[in-house]
Asks: 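This structure is in structure tokens; I'll ask about it shortly.
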Amino acid sequence: TSLLGESADVRISGGVGPLPMVQVWADMYEEATDTVFDISGGGTGVGVNDLLNGQVDVAMMGRDPEEDEIDQGLFAVPMLIDTVVGTVNVDNPVLDELQENGLSRQDLEDIFTREITNWGELVDDDVDEEIVVYGRSDTSAAYKQWGDFLAGEDDYYTENELENLADENHNGDQAVAEAIGRNENAVSLNNINYVYELESGELEGDVRPIPLDIDGEGLSEEEDFYETRDEFLAAVEEGTYPAPPAREMYLASDGGFEGDAADFVEWVLTDGQEHVRDNGYVPLEDDRLEEAQNNLEAGP
Amino acid sequence: MEGSTDTAASEGRSRLGRRLLTERLSSYWLQGAGYFAIALFAFIVLALLYQSLPLLSEYSLVQVLASSNWNPAENEFGFLPAIVGTIYVTALTMVMGTPIAILAAIYIAEYAEGRTKTLVSSFIDVLAAIPSVIFGLVALIVVVPFVGDYLAPALGSGATGTGIFTVSLVMAIVVTPFMISLAVESLEALPDELRESSLGVGATKWETIRIVLLRAAGPGIFSAVLLGFGRVFGATIVPAMLIGGQTQLPSSPFSTGQTLPTLIVNDFGELMSIPLTQSALIFVGLMLVVIVWLFNFSAMLLRRWLQQRWQY
Amino acid sequence: MDRYAKQRLFGLLARGSAALVVAVMVLVVSVTIFRGGRVLLTDPAIAVTPPGSRYMLEGDGGFLHAVLGSLFIVVPATIASATLAVSTAIYLQSDYSSERFSDVVNMFLNVLWGTPPIVYGVFILTVIIAVGAQTSLFFGIIAIGIFQYPIMTRYTDEALRSAPDTVREATYGLGGTRFETALMTLRAAMPGIIAGIIMGFARGIGDAATVLFTAGRSTRMPAGLFEPSTTLPVLIFDQAMSFNAEVRSHAYAASFVLIVAVLGLIIVSKLLAGRYARFAPGGRNS
Amino acid sequence: MTDTALTTENLAVTYTGNREVEALKGVSLEFPANQLTAIIGPSGCGKSTLLKSLNRLHEIQPNVEITGDVLLRDRSVYNTDEPVPELRKRIGYVPQKPTPLPLSIYENVAYGLKIHGRCDSKDELDERVETYLRKVNLWDEVKDRLDAPGAELSTGQIQRLCLARSLAVEPEVLLCDEVTSALDPISAETVEETLADLKEEYTIIMVTHSMDQAKRLADEVVFLYLGDLIETNDTRSFFENPQHERTQQFVTGHTAVEYTESSEESGADSETVPAER
Amino acid sequence: MTDTALTTENLAVTYTGNREVEALKGVSLEFPANQLTAIIGPSGCGKSTLLKSLNRLHEIQPNVEITGDVLLRDRSVYNTDEPVPELRKRIGYVPQKPTPLPLSIYENVAYGLKIHGRCDSKDELDERVETYLRKVNLWDEVKDRLDAPGAELSTGQIQRLCLARSLAVEPEVLLCDEVTSALDPISAETVEETLADLKEEYTIIMVTHSMDQAKRLADEVVFLYLGDLIETNDTRSFFENPQHERTQQFVTGHTAVEYTESSEESGADSETVPAER
Ligand SMILES: Nc1ncnc2c1ncn2[C@@H]1O[C@H](COP(=O)(O)OP(=O)(O)OP(=O)(O)O)[C@@H](O)[C@H]1O
Ligand SMILES: Nc1ncnc2c1ncn2[C@@H]1O[C@H](COP(=O)(O)OP(=O)(O)OP(=O)(O)O)[C@@H](O)[C@H]1O
Ligand SMILES: [Mg+2]
Ligand SMILES: [Mg+2]
């Protein structure tokens, strides 16, 4: 049943976050194996819904599966890591300081919860500029992860709490990036594709990452990997950059992958991982990858 | 000879039979089509109502309408922020758009002549036909920076440019051409005697327009404004692109926010697989239909009343 | 302020408002044409190239899928919806139904006309969920069709009402059946009907809210009636938010295509209406 | 020659719209075959109503009630199984306002033929169209542009086109409602000539407001007044020796003022006003 | 009594729309003060155009060109610094179709007073409204419903309301364009009576198509034909002894047929037709 092409062997739908990467994978796989794909976006919810209705074989998920969904038979394996980093304007009054010393999780928590409201308070400098905090709007998985990260271990801020605290919230990464790009005193969070130039992997736009001072003792050599995307991605992959704010994205099935879909997912978790980094995402860490492969094998 | 007329007659009869059959069949089809509008409306309302039941059985209507806490992941469904946002956007848009639309309509109907008139009205027709997503796109590079870099700072706000005010400004641009062409129509339908009567007792052109023509065309202009109102109220794409999508009670005209339609756009795709959220968002659709319906109904009554009052 | 100063002031305001509206229109169209035209001129192929595998990431390939998606959705939707709309409008005329019935139906049509497009999208989505189907070209057609239906019905109804009654009388007088008479009235009202249908077409091809959740937001070529697809407005909506300037530029190129299509439709409508107007009773003498 | 084509039996028509109007109050009449009968009377007296009720055309309006009957060659027009379209084919109607169908000139004439399936081949159709266009003296004027829209003809030509269109389905009776009133004097004359030719072959029933026209064309005259039949007679007796006072008033009044009426109708075209005097 | 209120000097008006129409071809006239002058002539001869050009009302239409001049008491209406509304206050106009403004009965009359700031207090306004409604014989009919929309009155009442509205601003000259032609005979008579009363105080210039009306009401008659002034004279001489052949034709033609014209206009209201005979 097809108007223009062959009918699909594997049908995928879901979130627009992971869509670009899955698209690339599918094309590669299609070339190698003649498996025909059919992919559409629309949102993670749409994908899961299609999946549970038996309309697609695989759902792409930009967020963790919800209880409700797992109860309905959803079985998800992680496929890659999407990375979020704190961002400021390129002309931020204390950018040099930030790049020198980074900010600790506590600093960021204080900023996003409005304990600290002036850039001058953060650094020993006579800067007197109010900090403007931009948040993301609802249903943003990245924002949720960010909340988990800010609160420290075993605790979290909900998106609502963060939204309430922010000066403004924006719908989507691009909107946030543009807002940051227009305000020297703004701080927010972005997916790294909105920070580094996709082609060159350099910092070229108006947005700069905030280096994360993990040990709270200033930015050590090891912690200073924000110059280029490749460096950064490597750090995420090694786990030097913590998760959260990095987070996993999933491929999901209704009660276990089957047939061509199973083969494809298996390929994603093996050979497919090698192509992740070229496209601005982070491959799964080795042990997490192994766990995922085992999970896939074992099924739900 | 006799035989040939016979066959001709019987052929004529069978042809007539065919025509009458066509007549009967077509009338069934047309009748079906005639009832389709009612059936469609009923079906839409029932389908939306049915799908809203899960939410309505969990929460009371007052609870969801009066709560400002929107957090689907935690099963908190407060529509108040989106409702307030919708009202905010609609009111601001109408405040900005209506006077301009009416004035421009007055220009076209009462001032412009000849080529200028043709030119301006065809410009406005074109403007009315441009898809709203294009307005959203152009606004992203024109209006957002303008509001964020000039207007908001000038008014002492630190807004970035996306938000309720920007949406209202763009929606005003989207709806004015509709309002204009309808208002022009009703102004032009007025008999010249009205103008002559008023001018003939020494009224100025403006007095004639304000006191006589605007009243006489009042019901028509009122409909035009209502139509614009309806379009702003249900506008989806422009707000989705420009409003910022934050489900909080807006604190100022420049702050980001959410309208009922953008709530659907922003949350449906991500969360529709969670049953209660799905129901909540479909309920938003139901609310939109019901409001439009109430609105149309009261508008009809009001219009009748105006027509009574301002007949000529 | 004396009366004459007021009159001058309001004259100026009226002129100013009209000038403002025209200026805005020139701005919008020229930004679209300039930005979109520039993109299309440097790489005209993107309008006729299928999207590559890295389309979402870096605009690899083009947006032929959205162009085709728009055509495959809006053309059938317009045809189906116009058929239904014209039939409804015929039924609402006095030959077929009482004044009361047509008043009632018109009231429902008004409500449908005012219903926000996103509601049609949600409605069709509930249908999709209920029947356990996937978003697809087919449901996009249904959603757009429903969206166009009240628009086209209202225009057709008005056109039929303003067709001269004498055409009816003449056709009946020749022994025409009710249906044959209705067809003749339809021809007499053709310019208005065409304007209405093209209006519906233009609204349909420009609308994103109805198809956002019904057609699928696919990033590939449309593969079949029950496969996901996308349309130009949805593409613009999606691409406008991309991090990649290259991808964002496609949104402008797509807008250019869309605006040219809509302007084209308006011109076609004027031409067609003119053609039929020659046949309308009193064509030359009116 | 004196057999009866159409008979009305106590025909009464009431419009039951907003306010009730008794347009015809029981009219019994006989229309002789192959003659031209003119119906005259002041405005609103029920002329058009009578004419339309003869082939049930009034039924296309809502809120009309009718009692009595009409007989076409002894068969009832109202109590019959015959489908109404078939009936109207036999009793044709030409409306007051010259109205081309939204078709080409050719198709206008061919329309009735086509719906009634009168012609099997294109050639036959062509031939018939020519025949009827000739019959109304229009052929020479339009033969080079048969594909042009009917609406592009002049009003007088359109009225003749309407006649041709009605004749083409070969009705037994032709009803004409003030067919010349919308025409300028010259066109009106041409149409009158056409009607004069046609009355040899057809039974024609014509409403007119012009006494002169009735005198010139009609064999019989029917005078209606406020829904009542006042008088009917052959034309000569009717005008020379009217039986009723009302008839006399009406007839003398109208013949005297004929020219002003047409001047009012042709509107701004004022040159004709005193010229005829 | 014989001083001149309004003078036209070689007044010519051309409509330059799609096709060029010379509606007035250079008309020089004097309208005596405190008299009623009737303008007559066939349809399209330029009566309305002349009337409107007297207070520049034609200017609300696009594509009109005017040459010559109009003098109001020796001051030019066209070459003046006076704003046009002030001028129109002095030369009032009542349109042909009875047109209430979309206001209440009271406000219709008060409209002119208000915009010209004639009245300082509500009481004064009330008083004036009453005065003018009495002047047109409407007061008794409407005094209990002054707040009702003007449009709720009958056509004849509306026409008198329009007169009152124009009179309220106290014009020196009143232009009336066929003010009775849209009225039924009884209303027309009432309005005529009103005009007859008013001509004592005002200079009235009235277009009419009824010779009888002109005879009854006018002091002077002006006859236009195709944009040219044919003849002007006092009423008695004009009708009894027309100087031009055209005038004679027109006058005799029209007086004879007066009743049919009104029957045409009142449409279905046919009872009046032969009754007058
Ligand atoms: N559809 C209708 N509804 C109500 N009343 C009607 C309708 N048609 C005609 N009438 C009334 O019926 C009466 C007769 O009308 P009819 O049209 O037959 O008159 P007529 O003699 O043809 O007049 P005319 O010479 O003006 O054409 C009139 O009083 C008219 O107002
Ligand atoms: N706005 C206009 N544009 C073009 N021509 C016009 C316009 N108004 C009037 N005319 C033409 O000017 C001529 C005079 O018109 P006017 O209305 O003055 O005649 P009238 O004597 O008042 O006729 P009636 O008795 O029918 O009212 C007519 O030929 C008319 O067609
Ligand atoms: Mg009639
Ligand atoms: Mg006039």
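A, B, ... follow the sequence lines: proteins, then strands. Residue 1 opens every chain.
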Asks: For residues 143-156 of chain C, give me every residue with a non-hydrogen atom less than 4.5 Å from any non-hydrogen atom of chain B.
Replies: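 Heavy-atom contacts from residues 143-156 of chain C to chain B are C:Ile146, C:Tyr149.
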Asks: With a 3.5 Å cut-off and sequence neighbours excluded, list the donor-acceptor pairs that the side chains of residues 115-123 of chain C form with protein atoms.
Replies:
from	atom 1	to	atom 2	distance (Å)
C:Thr115	OG1	C:Val111	O	2.7
C:Tyr120	OH	C:Leu112	O	2.6

Asks: With ring centroids as reference points, do B:Tyr35 and C:Phe101 lie under 6.0 angstrom apart?
Replies: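 For B:Tyr35 and C:Phe101, the ring centres are under 6.0 Å apart.
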Asks: With a 4.5 angstrom heavy-atom cut-off, could you sort out which part of B:Ile237 is near chain C: side chain, backbone, both or neither?
Replies: both
Asks: Check whether B:Arg210 gets within reach of chain C through its side chain, its backbone, both or neither, counting any heavy atom under 4.5 Å.
Replies: neither
Asks: Side chain, backbone, both or neither: which part of C:Ile124 has a heavy atom under 4.5 Å from chain B?
Replies: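 Looking at C:Ile124, nothing touches chain B.
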Asks: Counting only non-hydrogen atoms closer than 4.5 Å, does B:Phe43 touch chain C with its backbone (N, CA, C, O), its side chain (CB onward), both, or neither?
Replies: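 When you check distances to chain C, atoms from both the backbone and side chain of B:Phe43 fall under 4.5 Å.
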Asks: Tell me, for C:Leu84 versus chain B, whether the close heavy atoms (under 4.5 Å) come from the side chain, the backbone, both or neither.
Replies: both
Asks: Does any backbone or side-chain atom of B:Leu127 lie under 4.5 Å from a heavy atom of chain C? Answer side chain, backbone, both or neither.
Replies: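 Both backbone and side chain.
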Asks: Would the distance check show the side chain of C:Ser87 and the main-chain N or O of B:Leu30 forming a donor-acceptor pair, the cut-off being under 3.5 Å?
Replies: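 Pair absent, no side-chain N/O of C:Ser87 close to backbone of B:Leu30.
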Asks: List the atom pairs, donor and acceptor, that lie under 3.5 Å between side-chain atoms in residues 105-113 of chain B and the rest of the protein, sequence neighbours left out.
Replies:
from	atom 1	to	atom 2	distance (Å)
B:Glu110	OE1	B:Arg195	NE	2.9
B:Glu110	OE2	B:Arg195	NE	3.3
B:Glu110	OE2	B:Arg195	NH2	2.8

Asks: Sort out for me which of C:Tyr252, C:Phe237, C:Tyr4, C:Tyr96 touches chain B most, counting heavy-atom pairs under 4.5 Å.
Replies: C:Tyr252
Asks: For chain C, which of B:Leu227, B:Ile291, B:Ile141 has the most heavy-atom pairs under 4.5 Å?
Replies: B:Ile141
Asks: Pair up each side-chain donor or acceptor in residues 174-185 of chain B with any protein partner under 3.5 Å, not counting sequence neighbours, and list the distances.
Replies:
from	atom 1	to	atom 2	distance (Å)
B:Thr176	OG1	B:Ala172	O	2.9
B:Thr176	OG1	B:Ile173	O	3.4
B:Ser181	OG	B:Pro177	O	3.0
B:Ser181	OG	B:Phe178	O	3.4

Asks: Highest number of heavy-atom pairs under 4.5 Å with chain C: which of B:Phe295, B:Tyr50, B:Trp293, B:Phe297?
Replies: B:Trp293
Asks: Okay, side chain of C:Gln7, backbone of B:Glu207: is any donor-acceptor separation there less than 3.5 Å?
Replies: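 Checking the backbone N and O of B:Glu207 against the side chain of C:Gln7, no donor-acceptor pair under 3.5 Å is found.
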